Amino acid sequence: MRNSLGLNEQQNKAVTAPLGPVLVLAGPGSGKTKTLTARVAYIIEKKMVRPENILALTFTNKAAKEMRSRVAKLLSRFPGAAEKLTMGTFHAVCARLLRSEIPVLGYGRDFVIFDTEDQKKILRDICDELKLDKKFPPSLFSALISRAKNILQTPAELNLGLEEPFASRLQTVYSKYQDALFSQNGLDFDDLLMLMVKILESSPKILAKYQKKFSCILVDEYQDTNPAQYQFLKLLSVHQNVFVVGDDAQSIYGFRGSDIRNILNFESDFPDCQIIKLEQNYRSSQNILAAAQSVIELNSEQKPKTLWTENGVGEKVSIYLAENERAEAEFVAKKIIQLSSPDASAGEELEYEEEPEQNSNSILDRILKSRRMSGRGSDTFRFALLPQLPKKHDSLKEFCVLYRTHAQSRAIEEVLIQAAIPYQIVGGLKFYERKEIKDMLAYLRLILNYRDLVSLKRVINEPARGIGDRSYQIIRDFIVDLSAAGKEVSPQDFIKGFENLEMLPKAFSAAGDFFKILFEISDTEKSAVLPEVMKLMARKMGYDKFLRDGSEMGETRWENVLELLTVAGKFRALPWREAAVALLEEVALLSEIDQKDENRDSVTLMTLHSAKGLEFDNVFFVGLEEGILPHSRSLVEPGELAEEIRLAYVGLTRARKRLFLLLAQSRRIFGQVQVSQPSRVLKVLPLENLQLLGEAKSLFEELEGELTVKKMDY
DNA sequence: AGCGCTCAGCTTTTT
DNA sequence: GCTGAGCGCT
């Protein structure tokens, strides 16, 4: 039964629930996004809530964008309403609020967001400075600091219950780290949440302002919120108008502090809340659903939920046991060709194993390398070298390959390249992580704020200006001293102080020129456009010539820079400084999945984490082996195993029509061949829903004795 | 100061 | 199998 909006009974109940706390427990494929969108439209239209009073928190920027456009469609009678909604990820929304409120903490409004790489560099410097021994690597601190921030502990409040000497070391490092960020006017990802909460907690005036502004709050993927995000919600939602949607069975971000208890305890946090379950699945076939259901049942603590579907039985779930990761990838490629070609026999004649030519590896290497360089998939190069596929029958958009770790993508990529199947990888090496892009952004950050030491270190000698480590340190200390004095230092005073520094003449004059150019560009008239300013910056700094050294690679890199300028052009309506702040923010908060190109007809490769919320007709789930899924690192801590199971559940439920589960008997890990065991996930799959291909039969005969195992002991 | 080489350590997962 | 730190040479 569906109503005029195409909602079923439960969905409709959720959408039209009275204002007040509502928890929607929505299984995979149950129309969660649709419900959320309809709810937003409903409260505007029927409950007369003004769109500017609505805050909707999504898990990715892409989801926010999509939701906004869907709301706009539903609200065609209220033109412009959708634009007034506040929508985005927790991080993006907090960043926006901090742009106006952060001065109360002493930071400047034009703060920059430091990514994990920047963060590590700061921590490395601190560790070096403190001469800590190898027992205390920077990576340890970055994990612990993040953990502390996720539970809203500032250095002063720090209490993670660690043993000595770890606790006191962490105390020192965390506090120095926070000082370093502050003096550079930088925030890390976790600060965005923590500092915003701190402001709300300490300023009743600001708190009241936002409580009033956001009179209705909606949250997607509620199962993946962390304590800081929870506190943010709790503080703002005095009015109790919180509408959260989630599925405890799909909570997969425990490692970054998300707390499944947030969803499990919603009822006690918001008494009198309504709970609505969406259990009808519109996505998958019965076979696929049955397989997924049997996997999630391994977790005894999951809230019981029974998914059902009116969809057909569909094809059985295929299991394929490959000899190694290459054979696994070859199976994927063959199947894709088979299923995407009008001619059913296509793909059969494809033989990859035919002794590879002597130099075929080096060609492959080149292709892979150039893909990483350009970040644009391998299409360009591949088609020059290999014959094209016959006209597709099914769109390649409907195929996806899922894996637990990024490292697994390589084998798949290699074979897809050889088979001339276009693909795109989500995540991994991102466009904005490319060296030339980060360099350009570092220059830009310096222009906005010369105290940004992370950026200074990055580019002061790029291109080489004869400023080595020693000279950098002298300059750094000089800048730190200036900042310690507290007040803003004008460029004139900076240069004056700089003149007194003692260092090698060559470095001295080079650095002097460097800062003069910096200040000069910083002085560009307000109304200038950002891409132009950046172009000028590249030229004056000699960065364009440096990149375009005549090599092919240099040109590719320069093209990447030009692409960055195109992105920068998006903000041309703004004065260049504000545009720069906006650009830096967008780049920092972009999520992996945001970078997926919907328009390209290609197979999608991604991690299970990136796949959450997506669906495909055909899903290849690779590497179902102990040690990979569940990941070996998860086997030590009890709670983590349950998360691996949920991860598997997320993977299985992405498929609409066909699901292929693959595993290899052996695979290379860290360059070493390792024999692998089938994942425990496979052992609980109901045989009647499976189709065992090739060697998989023998595998299941072996397993047969264990097939009765239902609950795991952990 | 800067280049290039070697070796170690490493990877879950991401805003 | 890749990255980045460290070293030695120019």
Side-chain angles (χ1 to χ4, degrees), chain A residues 57-62 88-95 113-117 119-121 124 128 134 137-139 142-143 146 149-150 187-194 221 224-226 228-229 251-258 325 365 368-369 372 402-411 414 426-430 433 435 461-472 503-504 506-507 510 585-595 606-612 623 627-637 640 643-644 646-648 650-651 667-673:
Chain A
L57 296 154
T58 57
F59 203 69
T60 63
N61 300 300
K62 197 173 149 198
T89 62
F90 275 97
H91 288 89
V93 168
C94 285
I113 298 162
F114 281 28
D115 66 16
T116 26
E117 198 187 317
Q119 196 178 354
K120 282 215 186 84
K121 282 182 178 158
R124 193 174 306 139
D128 286 352
K134 286 216 179 86
S139 58
S142 90
S146 179
K149 289 184 176 180
N150 280 330
L187 271 64
D188 65 20
F189 289 126
D190 300 316
D191 279 340
L192 294 171
L193 304 171
M194 180 175 80
E221 308 283 8
D224 285 319
T225 49
N226 68 26
Q229 292 166 330
S251 159
I252 55 174
Y253 281 95
F255 71 91
R256 76 173 197 214
S258 75
E325 76 273 16
D365 282 354
L368 276 170
K369 220 177 240 162
R372 300 215 164 88
L402 299 178
Y403 36 77
R404 176 68 236 268
T405 66
H406 283 301
Q408 290 169 260
S409 70
R410 199 153 301 131
E414 284 178 8
V426 173
L429 189 48
K430 291 170 234 164
E433 280 173 11
K435 187 182 176 309
N461 207 28
E462 195 81 13
R465 301 183 170 89
I467 305 170
D469 217 33
R470 185 71 201 114
S471 309
Y472 163 73
M503 58 176 122
L504 290 174
K506 190 175 152 207
E585 178 172 314
E586 168 160 317
V587 165
L589 296 182
L590 214 55
S591 63
E592 298 212 320
I593 198 70
D594 291 334
Q595 302 183 47
M606 63 189 154
T607 62
L608 293 164
H609 285 86
S610 290
K612 195 174 65 168
I628 295 185
L629 185 77
H631 195 272
S632 50
R633 298 279 290 242
S634 73
L635 298 172
V636 270
E637 293 248 10
E640 288 185 27
E643 186 152 309
E644 298 289 304
R646 293 193 292 267
L647 210 38
V650 168
R667 80 170 61 230
R668 290 174 89 92
I669 294 173
F670 294 142
Q672 295 269 302
V673 177

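This is a predicted model, so every value here is computed, not measured. Reminder, nothing fancy here: chain letters follow the sequence lines and each chain counts from 1.
The separation between His609(A) atom NE2 and dT13(B) atom C1' is 4 Å, rounded to whole Å. One atom, CD1 of Ile628(A), and another, C1' of dT13(B), lie 14 Å apart when rounded to the nearest Å. Glu414(A) has its CD atom 9 Å from the P atom of dG1(C), to the nearest Å. In this structure, Arg410(A) atom CZ and dC10(B) atom P are separated by 18 Å, rounded to whole Å. One can place CD of Gln672(A) at 10 Å from P of dG1(C), the figure rounded to the nearest angstrom. Distance, Ile113(A) CD1 to dT15(B) C1': 10 Å, rounded to whole Å. One interatomic measurement links the two molecules: CG of Asp188(A) to C1' of dT15(B), which rounds to 11 Å at whole-angstrom precision. With rounding to whole Å, Lys120(A) atom NZ is found 12 Å from dT3(C) atom C1'.
If you take atom C1' in dT13(B) and the same atom in dG4(C), they sit 22 Å apart, rounded to whole Å. dT12(B) and dA5(C) are spaced 23 Å apart, taking the C1' atom of each and rounding to whole Å.
Judged by closest nucleotide on DNA chain B, Arg633(A) is the one of Asn61(A) and Arg633(A) placed further toward the 5' end. Comparing Ser139(A) and Arg256(A) against DNA chain B, the residue whose closest nucleotide sits nearer the 5' end is Ser139(A).
Contact check, Arg668(A) against dG1(C): a side-chain N or O comes under 4.0 Å of OP1 or OP2. When the side-chain nitrogen and oxygen atoms of Ser610(A) are compared with OP1 and OP2 of dT14(B), one or more of them lie within a distance under 4.0 Å. Regarding contacts with the backbone of dT14(B), a side-chain N or O of His406(A) is found under 4.0 angstrom from either OP1 or OP2. For dT12(B), the OP1/OP2 oxygens have no side-chain nitrogen or oxygen of Thr607(A) closer than 4.0 Å.
Nearest heavy atom pair, residue Phe189(A) against residue Thr116(A), reads CE1-N, 4.2 Å. Annotation for Lys149(A) and Ala228(A): closest pair O-CB, 4.2 Å, computed over non-hydrogen atoms. Of all non-hydrogen atoms in Asn226(A) and Gly257(A), the two that sit nearest each other are CB-O, 3.0 Å. Residue Gly623(A) comes nearest to Ile628(A) through the heavy atom pair O-CG2, 3.4 Å, listed as atom of the first residue, atom of the second, then distance.
Taking the side chain of Tyr253(A) as heavy atoms from C-beta on, and the options dT11(B), dT14(B), dT13(B), the nearest nucleotide is dT14(B). Side-chain proximity of Ser471(A) to dT11(B), dT12(B), dA1(B): nearest is dA1(B).
Looking at His609(A) and Leu647(A), their side chains come closer than 4.5 Å, going by heavy atoms from C-beta outward.
Within 4.0 Å of Glu117(A), counting heavy atoms only, lies no atom of the nucleic acid at all. Residue Arg124(A) is classed as a sugar-phosphate contact, given heavy-atom separations below 4.0 Å to backbone atoms only.
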Notebook entry, point to check: Can you check side chain to side chain donor-acceptor pair (under 3.5 Å) on Gln408(A) and Thr405(A), steps first, answer last?
Noted result: CA-CA 6 Å; Gln408(A) 290 169 260; Thr405(A) 66; 3.3 Å; yes

Check: Checking side-chain contact (heavy atoms from CB on, under 4.5 Å) for the pair Phe114(A)/Leu187(A): CA distance, chi angles, key distance, verdict?
Finding: CA-CA 6 Å; Phe114(A) 281 28; Leu187(A) 271 64; over 6 Å; no

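Legend: residues meeting salt bridge (charged side-chain N to carboxylate O under 4.0 Å, His left out) with Arg646(A), ordered by chain and number and at least two apart, are Glu643(A).
Between His631(A) and dT12(B), a base-stacking contact is recorded: ring centres under 5.5 Å apart, planes less than 30° from parallel. Put simply, Phe255(A) does not rest on the base of dT12(B): the two rings are not both less than 5.5 Å apart at their centres and under 30° in tilt.
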For nucleotides 2-4 of chain B, print each protein N/O atom paired with a nucleotide N/O atom at under 3.5 Å, atom names and distance only.
unit_1	atom_1	unit_2	atom_2	d
dG2(B)	OP1	Asn461(A)	OD1	3.4
dG2(B)	OP1	Asn461(A)	ND2	3.2
dG2(B)	OP1	Gly466(A)	N	3.0
dG2(B)	OP2	Asn461(A)	ND2	2.3

